[in-house]
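First comes the structure, then the notes that go with it.
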Protein chains: 2
Amino acid sequence: MNTTPILANIAKHIALTSDEENYFLSLLREKSFNKKELILRESQRCEYINFVNSGTLRAYYLSNDVKETTVMFAIKDWWITDMNCFMNLQPAMLHIEALENSQVIQLSKNNLDKLFLEIPKFERFFRIIFQKAYIREQLRGIENLSLSAEERYQVFSNKYPQILKKVNQKQIASYLGITPEFLSSILSKSKK
Amino acid sequence: MNTTPILANIAKHIALTSDEENYFLSLLREKSFNKKELILRESQRCEYINFVNSGTLRAYYLSNDVKETTVMFAIKDWWITDMNCFMNLQPAMLHIEALENSQVIQLSKNNLDKLFLEIPKFERFFRIIFQKAYIREQLRGIENLSLSAEERYQVFSNKYPQILKKVNQKQIASYLGITPEFLSSILSKSKK
DNA sequence: CAAAAAAATTAAGGTAGTTTAAGATTTCGA
DNA sequence: TCGAAATCTTAAACTACCTTAATTTTTTTG
């Protein structure tokens, strides 16, 4: 198991002793997913929070079994799960799929609860992770309500150039809240 | 200072000894705002996180000095601030105004940092607060991208009936991301 | 309480983005 | 490597929501 990235990610916000580090690592498991495989399916239990070691994941909401809304993408070094389902033990509202072969490190809800008890510093770590996630989602909400589709595309491509390279237009459109046809027409206009 | 509501709010998630309680209370200050008064103005420093003791507040983003986007309402028992500005010491992006005479309890960033050092349990408390805020914002994002304006109004009025009573249609429209004129036409149609 | 300001309503005309559909291009699976 | 499936493009018709503007209703303030 390649634990360097996840330990570096954690060291950004809290410092662990080597005992703590070992205890933390003992709670993790590694899992690989093939392209197009589902990490999580709607209505299932969502047992794990996932740290992306390699590859690309996408979380999306499927309304009326037909319209996809992309909630987030996750690449190397991101954490992803259906947070409501994971934390509140609800059935999943989201699907999470691998957009390419991906390797993730999984931490179960039970082990996270243990971790909070054993090493309270992790409360701080996840406090910071959630704080950033909240700020990010709130800003995206403002952008969605105050910018045009074309402006939203510009913001997205400036903010996440690495993601832009990895995902197709249909998926970007569903993240921006527009149809693939309309995104295509935006892009062909802005080339001129 | 009426500290019963804020202590009850905290007791929902963590248990404090009476020493801890006293230390926490020593870091707070109470402030009252008149209807229409601004608690926070765009581009200012945002020094405080606010707990609402009474009244109603609204946070909004103003684009091109003309279009308002309501980011959140806060009534009794809610926490509100411009979180990015508060936590990352950035100039405020949001305005926060009192929609009626309101009393809030304020905790400064400096005192919050002290609190995290002195009583690490508060990391847990705010971890849970941010976790809920993140889940709430993500769900709102999904609703904004997947539901029609009329459906969004229904969801809002079912989820926040107390807020619905306190705020006017113009403000609800700016929360839903539509014009007041269009909200008016939705409402008059649905009466029939 | 009266006057002024703000909010809500209504309606006509306009536009950003959707829908449908068909063809062209790329990716994928056997 | 070939055929099938998915994605992308283009375009025309359509609609949800916006803009403007005038009128009415409600709220605020001196």
Side-chain angles (χ1 to χ4, degrees), chain A residues 33-38 55-56 58 60 62-64 66-70 73 95 97-101 143-157 163-192, chain B residues 33-38 55-56 58 60 62-64 66-70 73 97-102 143-157 163-192:
Chain A
F33 294 92
N34 290 326
K35 184 167 183 170
K36 299 204 174 175
E37 203 176 337
L38 283 182
T56 309
R58 179 174 77 106
Y60 61 96
L62 195 54
S63 46
N64 307 320
V66 52
K67 185 182 172 189
E68 289 186 5
T69 300
T70 295
F73 297 105
H95 299 261
E97 66 168 350
L99 298 183
E100 57 186 342
N101 293 346
E143 287 165 0
N144 280 344
L145 296 185
S146 66
L147 301 180
S148 69
E150 184 167 2
E151 292 168 323
R152 265 141 53 207
Y153 179 81
Q154 290 308 330
V155 168
F156 178 79
S157 58
I163 294 176
L164 197 66
K165 276 180 240 158
K166 300 253 186 180
V167 309
N168 67 34
Q169 282 177 219
K170 193 181 167 195
Q171 289 153 356
I172 294 172
S174 89
Y175 181 91
L176 298 177
I178 58 178
T179 59
E181 293 83 354
F182 190 57
L183 177 55
S184 174
S185 85
I186 286 174
L187 293 177
S188 71
K189 267 177 225 157
S190 66
K191 269 179 204 158
K192 291 163 196 167
Chain B
F33 294 93
N34 289 325
K35 185 167 182 170
K36 299 204 176 177
E37 205 177 337
L38 283 183
T56 309
R58 178 175 78 105
Y60 61 95
L62 195 55
S63 47
N64 307 321
V66 52
K67 186 182 171 189
E68 288 185 5
T69 300
T70 294
F73 297 105
E97 66 168 351
L99 298 182
E100 57 185 344
N101 294 345
S102 302
E143 287 165 0
N144 280 343
L145 296 184
S146 66
L147 301 181
S148 70
E150 184 167 1
E151 290 168 324
R152 266 141 53 208
Y153 178 81
Q154 291 306 330
V155 168
F156 177 80
S157 58
I163 294 177
L164 197 66
K165 277 179 240 157
K166 299 254 187 181
V167 308
N168 65 35
Q169 280 177 221
K170 193 182 166 195
Q171 289 153 358
I172 294 173
S174 88
Y175 180 92
L176 299 176
I178 59 178
T179 58
E181 292 84 353
F182 190 57
L183 177 55
S184 174
S185 86
I186 287 174
L187 293 177
S188 71
K189 265 176 227 156
S190 66
K191 270 178 203 160
K192 292 163 198 167

**Item:** Check against side-chain contact (heavy atoms from CB on, under 4.5 Å), A:I186 and A:I178
**Value:** CA-CA 11 Å; A:I186 286 174; A:I178 58 178; 4.1 Å; yes
**Message:** Walk along nucleotides 13-30 of chain D from 5' to 3' and tag each nucleotide B, S or - by protein heavy-atom contact under 4.0 Å, base first, then sugar-phosphate.
**Reply:** ----BSBBB------S--
Heavy-atom donor-acceptor pair, [X] side chain to [Y] backbone, under 3.5 Å:
{"X": "B:S157", "Y": "B:Y153", "answer": "yes"}
{"X": "A:N64", "Y": "A:V66", "answer": "no"}
{"X": "A:N101", "Y": "A:K35", "answer": "yes"}

In whole Å, what is the span from the [atom1] atom of [X] to the [atom2] atom of [N]?
{"X": "B:I172", "N": "C:dA6", "atom1": "CD1", "atom2": "P", "result": "20 Å"}
{"X": "A:E68", "N": "D:dA6", "atom1": "CD", "atom2": "C1'", "result": "13 Å"}
{"X": "A:L183", "N": "C:dT18", "atom1": "CG", "atom2": "P", "result": "10 Å"}
{"X": "B:L187", "N": "C:dA7", "atom1": "CG", "atom2": "P", "result": "16 Å"}

**Minimum heavy-atom distance between A:Y175 and B:L145, given as atom pair plus value** = O-CD1, 3.7 Å
**Message:** Over the length of the helix from C:dC1-D:dG30 to C:dA30-D:dT1, how much do the five-pair end axes diverge, rounded to 10 degrees?
**Reply:**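 Nearest ten degrees gives 70° for this helix.
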**Message:** When you measure from the side-chain N and O atoms of A:S185 to the phosphate of D:dA11, is any distance below 4.0 Å, counting only OP1 and OP2?
**Reply:** no
**Message:** Check the phosphate of D:dT9 against A:Q169, side-chain N and O only, distance under 4.0 Å to OP1 or OP2. Yes or no?
**Reply:** yes
**Request:** State, yes or no, whether a side-chain contact exists between A:E97 and A:E37 at a heavy-atom distance under 4.5 Å.
**Result:** no
**Prompt:** Charged N to carboxylate O under 4.0 angstrom, A:E143 versus A:R152?
**Reply:**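 Salt bridge between A:E143 and A:R152, a charged N being under 4.0 Å from a carboxylate O: no.
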**Message:** For B:T56, run the side-chain hydrogen bond (donor to acceptor under 3.5 Å, both in side chains) check against B:E100, B:Q171, B:K165 and tell me which one passes.
**Reply:**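 That would be B:E100; it is the only one of B:E100, B:Q171, B:K165 passing the side-chain hydrogen bond (donor to acceptor under 3.5 Å, both in side chains) with B:T56.
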